[in-house]
Every structure is written in C-alpha cells, then in structure tokens.
**Student:** 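Supplied in structure tokens, the structure appears directly below.
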Amino acid sequence: MVHLSHKFSTIPINFIPKQFSKHLPQQIPSQTTPPFIPFSQRQNQRSLLESQLISALNCCTSLPQIQQIHARILRKGFEQCCYVLTKLIRILTKMEIPMDSYAKLVFNQVENRNPFLCTALIRGYCLQGLVKESVLVYSEMRKKSVLPISFTFSALFKACGVVNDVDLGRQIHGQTILIGGFGFDLFVKNSLIEMYVKLGFLGCGRKVFDELPGRDLISWTELIVGYVKAGDMESAGELFSELPKKDMVAWTAMVTGYAQNAKPREALEFFQRMLNEGVETDEVTLVGVISACAQLGAAKYANWIRDIVENLGFSPTRCVVVGSALIDMYSKCGSVEDAYKAFKVMEEKNVFSYSSMIAGFAMHGYAYAALELFHEMVKIGIKPNKVTFIGVLTACSHSRMVEQGRQIFESMEEKFGISPGVDHYSCMVDLLGRAGCLEEALNLAETMPLEPNGGVWGALLGACRTYSNPDIAQIAANHLFELEPNAIGNYILLSNIYASAGRWNDVLMVRKMMREKGLRKNPGCSWLETKKGVIQEFFAGDMSHPRYGEMKQVLEDLLNRLKAIGYQPNMNSIAYDVSDEEKRRILITHSEKLALAFGLLDINADFPIRIMKNIRMCEDCHSFLCGVSQITRRVIIVRDNLRFHHFHDGKCSCGNFW
DNA sequence: TTAGGGTTAG
C-alpha cells in the first residue's frame, strides 16, 4: 500500500491537460499507512471491495457521481485494476462523456492493459465517431501482443461503419482471419455483415453470410435489412421466407422495410400476418405500421392503428418515438387537431416530435403555430436540426412571411451552426417565388453556393405559374429538362404557363418535346373515403361511375348557385387551345369535383368531406371548392401532392396561396 | 456484446 500511495504522488493532477483536469477527482488519497493484514484475508477483502466498486459504478447517473467513485477507486488502490477501470470506461461511454477528456486519462495510467480494457476504450472512441483514435488503440494493443477479443473486432467494424471506411473495414476483416479463429466467431461474423451492409457493400455482406460457417437469426436479419436499405424488397422477402425461425425483430424489419420503401399496403398486410401468427409486437413494430398509415393518408387507417396502439398500451404520453410517428400520421391523414393532441400529451418531447409537429402545422397552413412552436423548442433548449428548418421555412413560404423566412434562414448558420443544404435553398427560392419576387428567386438559384437541384428550379417554375411569367419559366424549365428529363410535371407546368399567356406555339413545342420523349400525361386522380370507410377513386373526365348521373346533377346545381354569387369558371386553368364550351366541360369533370359530388351525396352533413389528390389543384377547382364550402356550409379537406387545404365558410386555410 | 424505429422541399 505504501508503494501504491507513492505511485499516486507521481501522477499528480497537474500533469493532466488543464481543460480536462476538471473531470478527474480532486481528492488526493490518504497517505496514512494501514494496519497489517494477512495476505489471504487481504485477497478476500480486495475482491469484496472490487465488487463493491463495480456495483457503485453501475449506480452512477452523473459525472460527479462517477468522479466520487473514481476517487474511491484510487483511494482503495485499484488504479491498476483493469476489471474495475473497464467498467469505469464503459460507464463514461454510456454517459457520452468525451473519451479524450477522461477515459483516455484513466487508460493511460494503467501499465499492463488487458484486452477488455483496450476494447472498452476502442468501443468508446468508436461510438463517439473517433475512429482514428480507436484504430490507434488497436495497433497499440497489437504491438504489445495483447490478443483481441470478439468484442474488439465488433467495435472496430462498427467504427468503420460510422466513418464510411470500407478499406479499413476490409483490412480488419483480413486480420480476423489471420488472428486465430475469429473468422469463425459468430459475433464477429455478424458485426462484419452489419458493417458491409451499412456501407452499401451488400454483395460482400452476402458473401460473408454464405461462406463463413454458422449463422443465426441475427445474421439473417442483418442481411434482410441490407436488402431493405437497398430498396430490394423482393430479395428481402425471399430471405425472410427462407428464415427457419422468425422472431419479432425479423418480422418488424419486413414491416418497416415495406413502409420505408413506399409500399404501405404491403407493410399493413405483413403486419396483419404477424398478428395472425401470434407474434408479439412492440413499439418499433408499431412505428413502422404508423408510418405506413401516414403514407396512405386515410383517416380510416389512422383510427385503426390508434386503437391498436392504445390497446397495446403504447400511448404517445409515454413513448416519444410512437408519439412522433403519430403526430406525423395524423397530420398526413388530415387531422392536425389530433396531431396536436398527441403532441400535447407527450411527457417527453424531442427534436423529432417538435419537427413533426412544425411540419404538420406547415402542411395545413398554420404558419404562426409552426413558428411559435419553433421558438418554443429553441427556448426550452431543444436544438433544431436540418429537418426542423425545412418545416419552418415551408411554413413561412406558404404564408408569404418573407422577412421571417429570411431571418430564420440566416440564423441557421449564425445561431444554430447548421449550414443550409440544397433543400433549404429550395425553400428560400420557393418563399421568394411565392411572394412574387421572381427576379430575386432566380438570382438566388443562380448564385447559391451549392449546385441547384430539381427542387430549386421546380420551386421557381411553380412560382412562374402563379405569377404568369413565361420568360423566367423557360430558364427554370431548361434546367429541369436537363436534371429530370423524364419528369412529366415540369413539361405540363411549362405548357400551362405558355397557355395562360396565350403562347400557343410554345405550347405546341412543349407538347412535341413530350411526344418525342414518349412521355404521357399523368391523369388527375382523386380519392375519397366514403361513409363506409371504402376508398373510392375518381379520374378526371371519367363519366363511368355508377352514380355519375346524380353526381352530374349535384355539380350542375352547385355551378348555378355559385354563378349566382359571382363565381365564373377559370378558363386559364385549361392548357388546351379548345372552345370555351369544351373548357367548361373539362373543368366540371376534374377529379376533385367528381369526388366532391360523390362526397356530398354519400357523407353525412356533420362530417367533413376528405379528398386526396395526386397532383396540384387547379385555380378553378380551388375557387369552386371555396364557394361550395360557403353555400353548403360543409367542411372540405383536400390533400394534394404537397399539402392540405381546409375549405370552410368560403375560405381556404392556404389563403388562396398554394 | 451483435439484428428492427419517428420528422424533409418544387
């Protein structure tokens, strides 16, 4: 003990770099000589102390607590004990305390490091994204002939995944084969598959899976997720069906996979199968299903999953991830009120919950609510991320709040240290464009520090349509035709802009381009959720519906009543050079009008009529629906390809600005 | 100690 005390005095606190020394215990161990105790008794005492220190470390929840126990470790003479110090480093890792500021100092004080201690530091560095440092520790341990353990490789592979370094991963993969037997370790094998999958080298992952002996449920699931992430649901499905014994995680990987790959119906089918087979579900499964329901956008599915979530006891109150998913779902299913209710009851809120709610408000045209929430989150110390700003800027954009938008855009870098990405520039071009500042929007697109993408030029083209500016439209469209040669919407927009300016020759030129490329117009389509919860589909100009006669009657009746209060069909919404009579006929059979007519016939007056639409609503339909909400006193909610419109009492929540 | 999770613009 005297010796140990002596050693303490040779590692004075002031040897530690100043900025880190605050982390280490300030208490210098006592130098008094303890009474003599026989050796065997000392050993027993030591192992008792050891387990006491370990349990004390396990109970730590804050840095000061750790420092207190660390002081005890030093006082009791355990500053060279790998077992105890490994635990200390693991706790520091768990609490996300920078490795360089504390764990490394602890590590450096140990002379004979065992594999566990080295691995704890490697893992700590790797989880903090400091791969170079973790590799250095690994080389050091190899130099000193400390044999790695499976966990060492697992940590290193994870690190390679974090920093996207497949070459390093391959090198370490080679080492697992060279250093006796690790190539056959299932734990190492699984980490290896995980790394290759994460880095997008699915083939290598598959090779490891096929060639190395032994595989377990985790190996299978890892590979399934690899296919899911690559968007190959077919291969994922094949592998899943070959999987001899499937557990909740494997099932969930499939459900979530379908949801993530824009196949919401398949996701729900899979979930139903999972329930039928009696597989347990947890909050992760539910999040996948909720996300699928959000994509379907129908209140029917929202209510269905709400009941399931409640019955399983996963309310938004207690589970922040389920809560955030629900906020998104309710917003996308047309009920921003339900979204806000879920948001309100959440006990824990994070950047996801706030961002989802902000995006929800923005989507429904509640710009002030979105901004208020943004300021609230900043005030209570939740740091916004890139996605948050997309929501906030969209809210400003859809409500013509140019100055606020500008200020927030500027604050991104200055105040929050987030450099704006292409998408944020795209929001700004949209903001300026929608407000009618087309020149400024064009200027921003042309001078922005990043390469503008389709989003940027598309926003500008959309604004040119609103403000009928064929000249700037042409510039934006030329960029778009290069970036997205097959996106039909751009050609249609440009042709509409030319049509409303009466430039019929240019319209023909755009039509010719479309013909040459073999592009065909995506027909306008609307969906309506009927009284019975069935989703009905309506195509523009389609007169084959069994109740078309009644629907036509409803529409004509509405048209006459609307004309009496000053409505006139907006012929500019038709980009064909045809007679006014023909234009009127085309207008009255736009898909949302057909859906509306059916909704008025089918849905009780107390309920809103909810319509979904695949493309942007035309000006005529928009003013028609405003008028209908006034004369019928009905609430009509339309979700177009971008956002929601709530028509009520002759007004729309978008303020005629969409 | 290893597998499945929520928010994104025209």
Side-chain angles (χ1 to χ4, degrees), chain A residues 90 119 123 149-155 157-158 185-195 197 216-226 228-229 247-257 259-260 281-291 294 316 319-329 331-332 350-360 362-363 384-394 397-398 421-431 433-434 452-465 476 480 484 487 489-490 493 616 641-643:
Chain A
R90 284 188 190 161
T119 302
R123 181 168 176 268
I149 51 175
S150 326
F151 199 19
T152 320
F153 289 119
S154 151
F157 290 143
K158 200 164 217 109
D185 185 305
L186 199 51
F187 179 37
V188 171
K189 175 176 168 168
N190 286 344
S191 313
L192 198 48
I193 298 176
E194 189 197 350
M195 176 193 74
V197 158
D216 62 4
L217 193 54
I218 295 175
S219 337
W220 285 88
T221 312
E222 264 162 356
L223 206 55
I224 289 174
V225 170
V228 164
K229 296 262 177 328
D247 70 347
M248 177 174 71
V249 177
W251 276 97
T252 303
M254 289 301 293
V255 171
T256 311
Q260 287 170 346
T281 54
D282 68 358
E283 74 276 14
V284 185
T285 326
L286 291 177
V287 163
V289 184
I290 295 170
S291 154
C319 183
V320 63
V321 186
V322 168
S324 308
L326 284 174
I327 293 170
D328 176 53
M329 179 190 74
S331 305
K332 288 183 179 157
N350 62 12
V351 64
F352 280 93
S353 1
Y354 270 94
S355 305
S356 302
M357 196 62 245
I358 289 170
M363 208 185 293
N385 65 15
K386 289 186 168 195
V387 182
T388 322
F389 283 105
I390 300 276
V392 180
L393 292 175
T394 317
S397 165
H398 286 263
V422 182
D423 299 338
H424 301 103
Y425 277 97
S426 157
C427 289
M428 285 308 286
V429 169
D430 191 47
L431 174 73
R434 279 173 194 271
N453 64 3
V456 174
W457 295 117
L460 187 58
L461 186 62
C464 290
R465 182 201 158 111
L480 282 167
E484 308 170 340
N490 300 328
L493 258 180
R616 182 185 183 270
N641 55 336
L642 278 182
R643 51 162 297 151

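Within every chain, numbering begins at 1; the chains are lettered A, B, ... in the order of the sequence lines, protein sequences first and strands thereafter. When reading the values below, keep in mind they use all heavy atoms of this one structure, side chains included, and skip hydrogens, waters and symmetry mates.
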**Student:** Measure from the side chain of A:Ser355, starting at C-beta and using heavy atoms only, and say which of B:dT7, B:dG5, B:dA3 lies closest.
**Tutor:** B:dT7

**Student:** Between P on B:dA3 and CG on A:Leu186, what's the gap in Å once rounded to a whole number?
**Tutor:** 13 Å

**Student:** Round to a whole Å and report the spacing from CG of A:Asp423 to P of B:dA9.
**Tutor:** 8 Å

**Student:** Output the rounded distance in Å from CE (A:Met254) to P (B:dG5).
**Tutor:** 13 Å

**Student:** Check whether A:His398 reaches the backbone of A:Met363 with its side chain - one donor and one acceptor, N or O, closer than 3.5 Å.
**Tutor:** no

**Student:** So which nucleotide from B:dT7, B:dA9, B:dG5 ends up closest to the side chain of A:Thr256?
**Tutor:** B:dG5

**Student:** Counting any heavy atom closer than 4.0 Å, what does A:Asp216 reach on the DNA or RNA strands: base, sugar-phosphate only, or nothing?
**Tutor:** nothing

**Student:** According to a strict under-4.0 Å criterion, is A:Lys189 in side-chain N/O contact with OP1 or OP2 of B:dA3?
**Tutor:** no

**Student:** Heavy atoms under 4.0 Å, any strand shown: does A:Arg465 hit a base, just sugar-phosphate, or nothing?
**Tutor:** nothing

**Student:** With no angle test and no hydrogens, is the base of B:dA3 tied to the side chain of A:Thr221 by a donor-acceptor pair under 3.5 Å?
**Tutor:** yes

**Student:** Before giving the answer on side-chain hydrogen bond (donor to acceptor under 3.5 Å, both in side chains), spell out for A:Asp216 and A:Ser219 the whole-Å C-alpha distance, their side-chain angles and the decisive distance to 0.1 Å.
**Tutor:** CA-CA 5 Å; A:Asp216 62 4; A:Ser219 337; 2.8 Å; yes

**Student:** So, is A:Lys229 near the phosphate of B:dG5, with a side-chain N or O under 4.0 Å from OP1 or OP2?
**Tutor:** yes

**Student:** Any base atoms under 4.0 Å from A:Val320, or only sugar-phosphate, or nothing? Heavy atoms, all strands.
**Tutor:** base

**Student:** How long is the line joining CG of A:Leu326 and C1' of B:dG5, in whole Å?
**Tutor:** 13 Å

**Student:** Counting side-chain heavy atoms from C-beta on, which of B:dT2, B:dG6, B:dG5 comes nearest to A:Ile218?
**Tutor:** B:dT2

**Student:** Among the nucleotides B:dG5, B:dT7, B:dG4, which one has an atom lying closest to any side-chain atom of A:Val249?
**Tutor:** B:dG4

**Student:** Assign A:Val387 to base, sugar-phosphate, or nothing according to its heavy-atom contacts below 4.0 angstrom with the strands shown.
**Tutor:** base

**Student:** Base, sugar-phosphate or nothing for A:Leu480? Non-hydrogen atoms, less than 4.0 Å.
**Tutor:** base

**Student:** In terms of the angle between their ring planes, are A:His424 and A:Phe389 parallel, tilted or perpendicular, with boundaries placed at 30° and 60°?
**Tutor:** perpendicular

**Student:** In whole Å, what is the span from the CZ atom of A:Phe151 to the C1' atom of B:dT1?
**Tutor:** 5 Å

**Student:** Are the side chain of A:Asp282 and the backbone of A:Thr285 linked by a donor-acceptor contact shorter than 3.5 Å?
**Tutor:** yes

**Student:** What is the distance, to the nearest angstrom, from the CZ atom on A:Arg643 to the C1' atom on B:dT7?
**Tutor:** 18 Å

**Student:** Just checking A:Gly454: base, sugar-phosphate only, or nothing, at a heavy-atom cut-off of under 4.0 Å?
**Tutor:** base

**Student:** Atom CH2 of A:Trp220 to atom P of B:dT2: distance rounded to whole Å?
**Tutor:** 22 Å

**Student:** Taking the side chain of A:Phe352 as heavy atoms from C-beta outward, which of B:dA3, B:dT7, B:dG10 is closest to it?
**Tutor:** B:dT7

**Student:** With no angle test and no hydrogens, is the base of B:dT7 tied to the side chain of A:Ser356 by a donor-acceptor pair under 3.5 Å?
**Tutor:** no

**Student:** side-chain hydrogen bond (donor to acceptor under 3.5 Å, both in side chains) for A:Asp423 and A:Ser426? Distances and angles first, verdict last.
**Tutor:** CA-CA 5 Å; A:Asp423 299 338; A:Ser426 157; 5.6 Å; no

**Student:** Of all the choices, B:dA3, B:dT8, B:dG10, which nucleotide is nearest to the side chain of A:Asp430 once you look at every atom?
**Tutor:** B:dG10

**Student:** Does A:His424 place a side-chain N or O at less than 4.0 Å from the phosphate oxygens OP1/OP2 of B:dG10?
**Tutor:** no

**Student:** Do A:Glu222 and B:dG4 have a side chain to base donor-acceptor pair shorter than 3.5 Å?
**Tutor:** no

**Student:** Measure the distance from CD on A:Gln260 to C1' on B:dG6 and round it to the nearest whole Å.
**Tutor:** 10 Å

**Student:** Side chain of A:Asp282 only, please: which of B:dG6, B:dT7, B:dG4 is the nearest?
**Tutor:** B:dG4

**Student:** Side chain of A:Phe187, heavy atoms from C-beta onward: which of B:dT2, B:dG4, B:dT8 has the nearest atom to it?
**Tutor:** B:dT2

**Student:** Does A:Asn641 make a side-chain donor-acceptor contact with the base of B:dG10, cut-off 3.5 Å?
**Tutor:** no

**Student:** If we only count heavy atoms from C-beta on, is the A:Ile193 to A:Asn190 side-chain gap below 4.5 Å?
**Tutor:** yes

**Student:** Do A:Ile358 and A:Ser355 have side-chain heavy atoms sitting under 4.5 Å apart?
**Tutor:** no

**Student:** Would you indicate which nucleotide in B:dG10, B:dA9, B:dT7 comes nearest to any side-chain atom of A:Glu484?
**Tutor:** B:dG10

**Student:** Report which part of the nucleic acid A:Lys386 touches: base, sugar-phosphate, or nothing (heavy-atom distance under 4.0 Å, all strands).
**Tutor:** nothing

**Student:** Quick one: which of B:dT8, B:dG10, B:dG4 gets closest to the side chain of A:Thr285?
**Tutor:** B:dG4

